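Computed over heavy atoms, backbone and side chain alike; hydrogens, waters and symmetry mates excluded. The structure presented is a predicted model; accordingly, all values stated were derived computationally and were not measured.
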Amino acid sequence: MSKDNESLHYMDEEARRKKKMKWTIGIIAFVIFQVVQALFFVLVIMKFKSPKFRVGEFDIQTLNVGTQASPSFDMSFVAPIRIKNTNWGPFKYDASTVSFTYGGVQVGQANIPKSKANFKSTKKIDVPVTLSSNALPTGSDLGNELSSGIITLNSQGELKGKVTVMFMFKKTKISQMNCTMIIDTSTRAVRSSSCK
């Protein structure tokens, strides 16, 4: 074999080795990209969370209150129900109710129709509500609260539905509401509101 043939053979081997190295690096980069993509999908997209279910701030339309000696109240308002869906798929929920209570006794309720909250959005529902203290026992703390100019209400509810991701992965989720509102009887407005 001549020196020229040896150098050509050596350059041929070197070119094949570089070509194999490029292919190997390309395949490894592709595999790493696929693994990162799969991890993102599993850890972010497929993480199902329970949507947040709350009553927002509202204005009282009518409010009639009794006295400390004869405590009572009747009020009506439009309750802004908010269902915040942070999932990567829609949350389809069944019809439900939100109970408004005073001192553990139900004084009214709001009906939530069957619907859906789209992915990464907040569904807003305005529901008319009428509350009355007629069901309260005579020994309740309502007289003391009315003399202070407030009424403390609780709202509780449960929303059950399914989150669907990519049209095929479904998971049942239950969203709970437990909010406390303090109504100012002189301004006829919500003084404060907090939810758990």
Surrounding NZ of Lys120 (heavy atoms of other residues, nucleotides or ligands, distance under 6.0 Å), is the total greater than 12? yes
Is there a continuous path of hydrophobic side-chain contacts, each under 4.5 Å between heavy atoms, that joins Val35 to Phe30? no
Do you know which two heavy atoms are closest between Asp74 and Ser133, and how far apart they sit? OD1-N, 4.4 Å
Kindly indicate, with the supporting measurements, whether the criterion side chain to side chain contact (heavy atoms under 4.5 Å, CB included) is fulfilled by Phe53 and Lys84. CA-CA 7 Å; Phe53 178 38; Lys84 184 177 182 181; over 6 Å; no
What do the steps show when you test Val190 against Ile182 for side chain to side chain contact (heavy atoms under 4.5 Å, CB included), and what is the final call? CA-CA 6 Å; Val190 178; Ile182 297 177; over 6 Å; no
Dump the intermediate steps for side chain to side chain contact (heavy atoms under 4.5 Å, CB included) on Leu131 and Tyr102, then the final yes or no. CA-CA 10 Å; Leu131 306 182; Tyr102 177 86; over 6 Å; no
Taking the side chain as every heavy atom from C-beta outward, state whether Phe100 and Asn154 have any pair of such atoms under 4.5 Å apart. no
Taking the side chain as every heavy atom from C-beta outward, state whether Thr101 and Val107 have any pair of such atoms under 4.5 Å apart. no
Determine the interplanar angle of the Trp88 and Phe119 rings, folded into 0 to 90°, and report it as parallel if under 30°, tilted if 30 to 60°, perpendicular if over 60°. parallel
Looking at side-chain heavy atoms only, is the closest gap between Lys160 and Thr172 below 4.5 Å? yes
Closest non-hydrogen atom pair between Leu63 and Arg188, with its separation: O-NH2, 3.0 Å
Can you find a pair of side-chain heavy atoms, one from Ile81 and one from Val55, that are under 4.5 Å apart? yes
To the nearest 0.5 Å, atom SG of Cys195 lies from atom CD of Gln156 at 11.0 Å
Rounded to the nearest 0.5 Å, how far does CZ of Phe91 lie from OG of Ser175? 6.0 Å
Between Leu159 and Ser96, which heavy-atom pair has the shortest distance, and what is it? CD1-CB, 3.8 Å
Within-4.5 Å side-chain heavy-atom neighbours: Val165 and Phe48: yes
Residues Val105 and Pro137: closest non-hydrogen pair is CG2-CD, 4.1 Å
State whether the side chain of Ser148 and the backbone N or O of Asn144 hold a donor-acceptor pair below 3.5 Å, judged by distance alone. yes
Shortest non-hydrogen contact between Arg82 and Lys124, atoms and distance: NH1-CB, 3.3 Å
Side chains of Ile151 and Leu153 in contact at under 4.5 Å (non-hydrogen atoms): yes
Flag for Thr152-Glu145: side-chain donor and acceptor within less than 3.5 Å: yes
Atom CD of Gln61 and atom OG of Ser76: how far apart are they, to the nearest 0.5 Å? 5.0 Å
In terms of heavy-atom contacts, Ile60 and Phe77 come closest through CA-CB, 4.0 Å
Do the side chains of Phe33 and Ile25 join up, straight or via other hydrophobic residues, at under 4.5 Å, putting them in one cluster? no
Donor-acceptor contact below 3.5 Å, side chain Ser70 vs main chain Gly66: no
Could you check whether any side-chain heavy atom of Asn64 comes within less than 4.5 Å of a side-chain heavy atom of Phe73, counting everything from C-beta outward? no
Is there side-chain contact between Ser155 and Met181, with heavy atoms separated by less than 4.5 Å? yes
Spacing of OG belonging to Ser72 relative to CG belonging to Leu146, to within rounding of 0.5 Å: 7.5 Å
Under 4.0 Å between a side-chain nitrogen and a carboxylate oxygen: does that hold for Asp94 and Lys162? no
About how many Å separate CG of Asn178 and CZ of Arg54, when rounded to the nearest 0.5 Å? 9.0 Å
Evaluate the side chain to side chain contact (heavy atoms under 4.5 Å, CB included) criterion for residues Ile125 and Ile83: first the C-alpha distance (whole Å), next the side-chain angles of each, then the deciding distance (0.1 Å), finally the verdict. CA-CA 8 Å; Ile125 308 165; Ile83 302 154; 3.8 Å; yes
Atom pair CZ/CG of Arg191 and Asp184 - distance to nearest 0.5 Å: 4.5 Å
Is there a path from Met75 to Ile150 through hydrophobic residues (I, L, V, M, F, W, Y) whose side chains come within less than 4.5 Å of each other? no
